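Just so we're clear, the structure is a prediction, and the values are computed from it rather than from any experiment. Quick note: residue numbers are just sequence positions, from 1. FYI, side chains are in, hydrogens and waters are out, and symmetry mates aren't considered; it's all heavy atoms of this structure.
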Amino acid sequence: MESESQRHALSTQITRGKAVYLNNVEPRSWSGAHKEDISGRSSDDKLLFRVLRAAKEVEAEQPRVAYLCRFHAFEKAHRLDPSSTGRGVRQFKTALLQRLERDNAPSLAARVKKSDAREIQSFYQQYYENYVRSLDQGEQGDRAQLGKAYQTAEVLFEVLCAVNKTEKVEEVDPEIIAAAKDVQEKKEIYTPYNILPLDAAGASQPIMQLEEIKAAVAALWNTHGLNWPTLFEQHRQKARDLDILDWLRAMFGFQKDNVRNQREHLILLLSNVHVRLVPKPEPFNQTDRKQGSILHQPKPSKSLHHLINT
């Protein structure tokens with residue numbers, strides 16, 4: 001049994017950042033709060049969900065790091081809604097707080113290093129070497145697993161920075177900084193997708209080799225004559241390939257994920273129409289319009305241009 005002083009110390013630790021105990025709420029189970037209150041809601045909720053998912057993933061191997069991830073999720077939730085007025089927020093905080101109280105002592109006993117900062121730094125390096133790099137250097141196969149590893153590594157670095165700030169650790173190992181930069185650069189390559197992997201890692205996927213898909217992608221790249229917003233010019237210079245959906249996003253401020261979904265839908269729609277054309281379009285001709293680009297696309301047929309422009 002924990003002593004009163006131990007429980008008070010844990011209470012003080014968890015309530016830093018002006019977080020408060022929610023004693024008057026009947027808590028739901030952890031799994032219920034996790035599923036109902038976080039998954040599939042706003043972008044902020046999705047950020048919390050990714051942190052909690054990372055905690056679950058590393059818990060068997062490193063329970064203290066999993067605890068730190070959940071603690072970080074609790075602080076995020078409190079910053080997003082300090083008064084707990086959102087639907088399900090109070091219940092979520094209560095369930096998470098109870099989980100933290102339960103896991104603190106055993107995870108602390110299992111900690112190998114002298115401090116939480118050293119513990120998570122050590123684990124981050126191990127995770128990057130043993131999971132991220134090994135998957136990245138292996139044969140191109142389990143793309144979903146590699147994408148998940150990059151997302152988890154990103155979360156771990158975010159938690160690492162939060163722990164360092166709390167423990168006033170000013171210097172971070174240069175190897176960790178280099179690893180974090182590598183993760184940041186490559187995580188966009190392995191973004192989740194529904195049907196079409198429209199990124200660098202998906203170029204060699206069989207579905208992206210279909211001529212109808214190639215022609216539809218090339219057709220969307222035809223942005224000649226469109227006036228781009230001045231504020232978007234810097235992004236255009238950094239980005240490799242921008243298409244008509246990027247232009248719509250720049251002009252009207254659509255959300256990135258919505259644009260990604262609509263891009264995939266439009267490509268599939270054009271491809272479906274294209275494959276049904278009778279007589280068949282003239283053979284596709286390869287173009288070197290973008291040497292060294294992600295996908296060497298064929299020139300879209302006149303039929304596709306007509307479909308887009310009408």
*Asks:* Looking at NE2 of H72 and CG of L160, how far apart are the two atoms once the value is rounded to the nearest 0.5 Å?
*Replies:* 11.0 Å
*Asks:* Below 4.5 Å, heavy atoms only, C-beta onward: do L242 and T223 meet side chain to side chain?
*Replies:* no
*Asks:* So, using salt bridge (charged side-chain N to carboxylate O under 4.0 Å, His left out) as the criterion, who are the partners of E129 when residues are at least two apart?
*Replies:* R133
*Asks:* Can you tell me how far CD1 of I120 sits from CD1 of I176, rounded to the nearest 0.5 angstrom?
*Replies:* 9.5 Å
*Asks:* Among all residues two or more places apart in sequence or in another chain, which pass the salt bridge (charged side-chain N to carboxylate O under 4.0 Å, His left out) test with D257?
*Replies:* R260
*Asks:* So, using side-chain contact (heavy atoms from CB on, under 4.5 Å) as the criterion, who are the partners of K113 when residues are at least two apart?
*Replies:* R118, E119, S122
*Asks:* Go through the structure and list residues passing side chain to side chain donor-acceptor pair (under 3.5 Å) with K181, not counting sequence neighbours.
*Replies:* none
*Asks:* For I244 and L226, which heavy atoms make the closest approach, and how far apart are they?
*Replies:* CG1-CD1, 4.3 Å
*Asks:* Please list, chain by chain and in numerical order, all residues satisfying salt bridge (charged side-chain N to carboxylate O under 4.0 Å, His left out) with E264, sequence neighbours excluded.
*Replies:* none
*Asks:* Name all residues meeting the salt bridge (charged side-chain N to carboxylate O under 4.0 Å, His left out) criterion together with E175; count only those two or more places apart in sequence or in a different chain, and write none if there are none.
*Replies:* none
*Asks:* Tell me whether L108 is reachable from V163 by hopping between hydrophobic residues (I, L, V, M, F, W, Y) whose side-chain heavy atoms are closer than 4.5 Å.
*Replies:* no
*Asks:* Under a single-linkage definition using a 4.5 Å side-chain heavy-atom cutoff for Ile, Leu, Val, Met, Phe, Trp and Tyr, are V169 and V112 assigned to the same hydrophobic cluster?
*Replies:* no
*Asks:* Could I get the full list of side chain to side chain donor-acceptor pair (under 3.5 Å) partners for N130, not counting sequence neighbours?
*Replies:* none
*Asks:* With a 4.5 Å heavy-atom cut-off, do L198 and I267 have their side chains touching?
*Replies:* yes
*Asks:* Quick test of your reading: applying ring pair (Phe, Tyr, Trp, His ring centres under 6.0 Å), list the pairs with at least one residue in residues 152-174, sequence neighbours left out, ordered by first then second residue.
*Replies:* Y124-F157
*Asks:* What distance do N258 atom CG and L248 atom CG have between them, rounded to the nearest 0.5 Å?
*Replies:* 12.5 Å
*Asks:* Going through the distances and angles, do E158 and R50 end up as a salt bridge (charged side-chain N to carboxylate O under 4.0 Å, His left out)?
*Replies:* CA-CA 11 Å; E158 179 183 331; R50 282 196 285 269; over 6 Å; no
*Asks:* Rounded to the nearest 0.5 Å, how far apart are CG of L68 and CG of D116?
*Replies:* 4.5 Å
*Asks:* Which atom names give the shortest non-hydrogen contact between V183 and Y150, and what distance separates them?
*Replies:* CG1-O, 3.6 Å
*Asks:* In terms of the angle between their ring planes, are F71 and F74 parallel, tilted or perpendicular, with boundaries placed at 30° and 60°?
*Replies:* tilted
*Asks:* What pair of heavy atoms forms the shortest contact from Q62 to F123, and how long is it?
*Replies:* CG-CD1, 3.4 Å
*Asks:* Of all heavy-atom pairs between V172 and N164, which one has the smallest distance, and what is that distance?
*Replies:* CG2-ND2, 3.4 Å
*Asks:* Taking all heavy atoms of A117 and all of E167, pick out the closest pair and write down the distance.
*Replies:* CB-OE1, 3.1 Å
*Asks:* May I ask you to test the T94-Q91 pair for a side-chain heavy-atom distance under 4.5 Å?
*Replies:* no
*Asks:* Any Lys/Arg nitrogen of R263 or D246 sitting under 4.0 Å from an Asp/Glu carboxylate oxygen of the other?
*Replies:* yes
*Asks:* In Å, rounded to the nearest 0.5 Å, how long is the span from CG of N261 to CD1 of I195?
*Replies:* 10.5 Å
*Asks:* For A73, give me all partners under side-chain contact (heavy atoms from CB on, under 4.5 Å), at least two apart in sequence or on another chain.
*Replies:* L48, V51, L52, L96
*Asks:* Among residues at least two apart in sequence or on other chains, which ones pass side-chain contact (heavy atoms from CB on, under 4.5 Å) with S107?
*Replies:* P63, R64, Y67
*Asks:* Determine whether a donor-acceptor pair (N or O, by modelled atom type, separation under 3.5 Å) exists between the side chain of S84 and the backbone of V89.
*Replies:* no
*Asks:* To the nearest 0.5 Å, what is the distance between OG (S271) and CD1 (I207)?
*Replies:* 8.5 Å
*Asks:* List the residues meeting side chain to side chain donor-acceptor pair (under 3.5 Å) with E59, not counting sequence neighbours, and say none if there are none.
*Replies:* R70, R99
*Asks:* Run the side-chain contact (heavy atoms from CB on, under 4.5 Å) test against E57 and tell me which residues pass, sequence neighbours left out.
*Replies:* Y127, K148, T152
*Asks:* Which atom names give the shortest non-hydrogen contact between I213 and L196, and what distance separates them?
*Replies:* CD1-CD2, 4.1 Å
